[in-house]
S.K.: 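This is the structure I have questions about; it appears just below.
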Amino acid sequence: MQSIARFCGQCSCGCPELFVDRDAPEERQVIITDDFGQRVEMSLDQFGSIVEAAKSGSLDSLALAH
C-alpha cells in the first residue's frame, strides 16, 4: 500500500489517510482510513467521481459547514 495523502484537521485524534494498493482487486485499490482505525475501500473510478465532485465545487458546502 502506498500512502498518497494525509488529511489532518484541527484535533489531536489522528489523521485520516489516503492509500493506493495496486495489488488489491480493482474494486478495492483505493483505501481511505479514518482516525479511529476504520477504512473504506473503493475502485479508482469511484474515487475519481469524488475527485470530480470536489473539483466542480459540489462538495464545497459540506467542507465549509464546520
Side-chain angles (χ1 to χ4, degrees):
M1 246 181 7
Q2 177 184 5
S3 177
I4 302 300
R6 182 172 281 175
F7 308 102
C8 292
Q10 302 293 329
C11 69
S12 59
C13 56
C15 301
E17 196 162 354
L18 172 67
F19 297 91
V20 172
D21 184 353
R22 300 273 185 199
D23 295 328
E26 278 188 36
E27 67 275 7
R28 300 174 70 178
Q29 288 187 344
V30 176
I31 299 106
I32 301 173
T33 60
D34 71 11
D35 42 344
F36 303 106
Q38 302 297 311
R39 59 194 278 159
V40 173
E41 298 173 347
M42 66 187 79
S43 70
L44 288 167
D45 284 341
Q46 289 169 320
F47 183 68
S49 70
I50 294 171
V51 170
E52 286 303 314
K55 285 181 177 182
S56 75
S58 66
L59 302 178
D60 288 355
S61 61
L62 177 63
L64 301 173
H66 55 51

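Residue numbers start at 1 and run along the sequence shown.
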S.K.: Can you hop from I50 to V30 via hydrophobic side chains spaced under 4.5 Å?
M.R.: yes
S.K.: Report yes if the side chains of E26 and D45 come closer than 4.5 Å at any heavy-atom pair, otherwise no.
M.R.: no
S.K.: Would you check if the side chain of Q29 reaches a backbone N or O of A24 as a donor-acceptor pair within less than 3.5 Å?
M.R.: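 Looks like yes, one N/O pair under 3.5 Å.
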S.K.: Measure the spacing between CZ of R39 and CD1 of I32 and express it to the nearest 0.5 Å.
M.R.: 11.0 Å
S.K.: Taking all non-hydrogen atoms of both residues, which atom of R6 and which atom of C15 are closest, and how far apart?
M.R.: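 So the two residues come closest at CG-CB, 3.5 Å.
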S.K.: Whether the side chain of S58 engages the backbone of A53 through a donor-acceptor N/O pair (distance < 3.5 Å, no angle test) should be reported.
M.R.: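 Yes: the side chain of S58 pairs with the backbone of A53.
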S.K.: For the residue pair F47 and V20, establish whether any side-chain heavy-atom pair is separated by less than 4.5 Å.
M.R.: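 In short, these two side chains do not touch, never coming nearer than 4.5 Å.
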S.K.: When rounded to the nearest 0.5 angstrom, what is the spacing between CD in Q2 and CG in L18?
M.R.: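 The CG atom of L18 is 10.0 Å from CD of Q2, to the nearest 0.5 Å.
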S.K.: With hydrophobic residues grouped by side-chain heavy-atom distances under 4.5 Å, do I4 and M1 end up in a single group?
M.R.: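 No, it is not one cluster - the side chains of I4 and M1 are not joined through contacts under 4.5 Å.
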S.K.: Check for me, please, whether I31 and V40 land in the same ILVMFWY cluster - side-chain distances under 4.5 Å, paths through other members count.
M.R.: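 No, no single cluster joins them.
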S.K.: How about S3 and F19: do any of their side-chain heavy atoms sit closer than 4.5 Å?
M.R.: yes
S.K.: In Å and rounded to the nearest 0.5 Å, what is the OG1 to CZ distance from T33 to F7?
M.R.: 9.5 Å
